[in-house]
Each structure stands twice: as structure tokens, then as C-alpha cells.
Amino acid sequence: MDNRIRNSFSSQTMMQTLGAEITDVGQGSVTITAPILPGSRQQHGVAHAALSFAIGDSAAGYAALTLMPEDSEVMTAEMKINLLAPGAGDYLRATGKVIKPGRRLVIVTAEVHAITGPEEKLVALLQGTMVQVTR
């Protein structure tokens, strides 16, 4: 399972551009981190909401994929984000989790935290639906 998720993730050029990496893969759960690079900041100097959305969406999607058959892939059918605080920190960490797996649709969430040293702050919540697709 772990290799399958990491191999799929490594083919996402957007995640490479953002400097994102998978830091944990579990059954129904995936964690992705990304540095807050100069090119992913908004006008106030904090992480752009697009960074939170991108890594949150990917973490949630890969969490869903951990529960899908080996011959499948995953795509987002819909995703909502609540931005709770500015993404100020050294990096962002998105933890995606499966809420309800289905045969075709999987309900997922992701929490995005801004990390600075030992401190972390919840900056975004995502909720959505993933769909299983044939590879």
C-alpha cells in the first residue's frame, strides 16, 4: 500500500513544484507536508490558500486510495475548504482521513496545520468526496 501511494504521489508535478512530500501513510490516512516557499505565499507573506487546498486535497485523496483496490486510482469529485487562520509558519502539514468509504465514492476530510518549531496551528479544514477511477 505504502509504495503504491508514494509512487502515484511522485508523478504529481504540482506537488514537486510545491516541495511537498508524503510523511505518513496509514490505512485510511495520509499526511503531506510542504514548505512555505517564497513562490507559494500571498501578499501578506503567509501561505497562499491554494497551498493549503492543494496539499489538503492530495492528502485526502491518497487517504481514500489506501482503501481502494490495487488496480484503481482516485480523483476528487468535490472539495470544500474552510480557512480558519493565516498559514504563517515554517511549513504546512495536511492530514487526510477517510470518514466513510463506499464502493465508488469516499467521503474524506483533511486538517491543515501551520508548523513553526514545536508549535502548530490549525489553519484549514477540508471536506470532500473522492471517486474511484480505473487506472
Q: Would you give the length of the straight line joining atom OH of Y62 to atom CE of M68, rounded to the nearest 0.5 angstrom?
A: 11.5 Å
Q. Hey, quick one: are V112 and L125 part of the same hydrophobic cluster, counting side-chain heavy atoms closer than 4.5 Å, chains of contacts allowed?
A. no
Q: Taking all non-hydrogen atoms of both residues into account, name the closest pair between M130 and M79 and its distance.
A: CE-CE, 3.4 Å
(Q) Checking one residue: V133. Which other hydrophobic residues are in its cluster under the side-chain 4.5 Å linking rule? (A) M75, L105, V131
Q. Atom CE in M15, atom OG in S10: separation rounded to 0.5 Å?
A. 12.5 Å
Q) What is the minimum heavy-atom distance between V106 and G102, and which atoms define it? A) CG2-N, 4.1 Å
Q: Output all residues satisfying side chain to side chain donor-acceptor pair (under 3.5 Å) with E21, sequence neighbours left out; order by chain, then residue number.
A: none
Q. Once you round to the nearest 0.5 Å, how far does OG of S58 lie from CG of L126?
A. 10.5 Å
Side chains of residues 87-94: which donor-acceptor partners sit under 3.5 Å, not counting sequence neighbours?
| residue | atom | partner | partner atom | Å |
| --- | --- | --- | --- | --- |
| D90 | OD2 | G117 | N | 3.4 |
| R93 | NH1 | E120 | OE1 | 3.4 |
| R93 | NH2 | E120 | OE1 | 3.3 |
| R93 | NH2 | E120 | OE2 | 2.9 |

Q. Among all residues two or more places apart in sequence or in another chain, which pass the side-chain contact (heavy atoms from CB on, under 4.5 Å) test with P69?
A. D71, S72, Q132
Q: Can you tell me which residue pairs pass the side-chain hydrogen bond (donor to acceptor under 3.5 Å, both in side chains) test with a partner in residues 47-57, sequence neighbours excluded?
A: D57-T76
Q | K80: side chain to side chain donor-acceptor pair (under 3.5 Å) partners, not counting sequence neighbours | A | N82
Q.
Taking transitive links into account, so neighbours of neighbours count too, which hydrophobic residues share a cluster with I99 at under 4.5 Å side-chain distance?
A. I107
Q.
Checking the side chain of T17 only, and the main-chain atoms of T13 only, is there a donor and an acceptor separated by less than 3.5 Å?
A. yes
Q: Quick one: closest heavy-atom pair of V98 and A63, and the distance?
A: CG2-O, 3.4 Å
Q. Just by modelled atom types, is the H44 backbone N or O under 3.5 Å from a matching donor or acceptor in the Q42 side chain?
A. yes
Q.
Grouping I, L, V, M, F, W and Y whenever their side-chain heavy atoms are under 4.5 Å apart, do L18 and I115 come out in a common cluster?
A. no
Q: Please name all residues satisfying side-chain contact (heavy atoms from CB on, under 4.5 Å) with A49, sequence neighbours left out, ordered by chain then number.
A: L83
Q | Set of side chain to side chain donor-acceptor pair (under 3.5 Å) partners for T129, sequence neighbours left out | A | E78
Q) Atom CD1 of I22 and atom CD1 of I55: how far apart are they, to the nearest 0.5 Å? A) 11.5 Å
Q. Of the non-hydrogen atoms in A59 and I32, which two are nearest, and what is the gap between them?
A. N-CD1, 3.4 Å
Q) side-chain hydrogen bond (donor to acceptor under 3.5 Å, both in side chains): which pairs involve residues 100-117, sequence neighbours left out? A) none
Q.
With a 3.5 Å distance limit and no angle check, can you tell me whether T66 reaches the backbone of G28 through a side-chain donor-acceptor pair?
A. yes
Q) To which residues is L37 joined in a hydrophobic cluster, defined by side-chain heavy-atom contacts under 4.5 Å among Ile, Leu, Val, Met, Phe, Trp and Tyr, whether direct or through other members? A) none
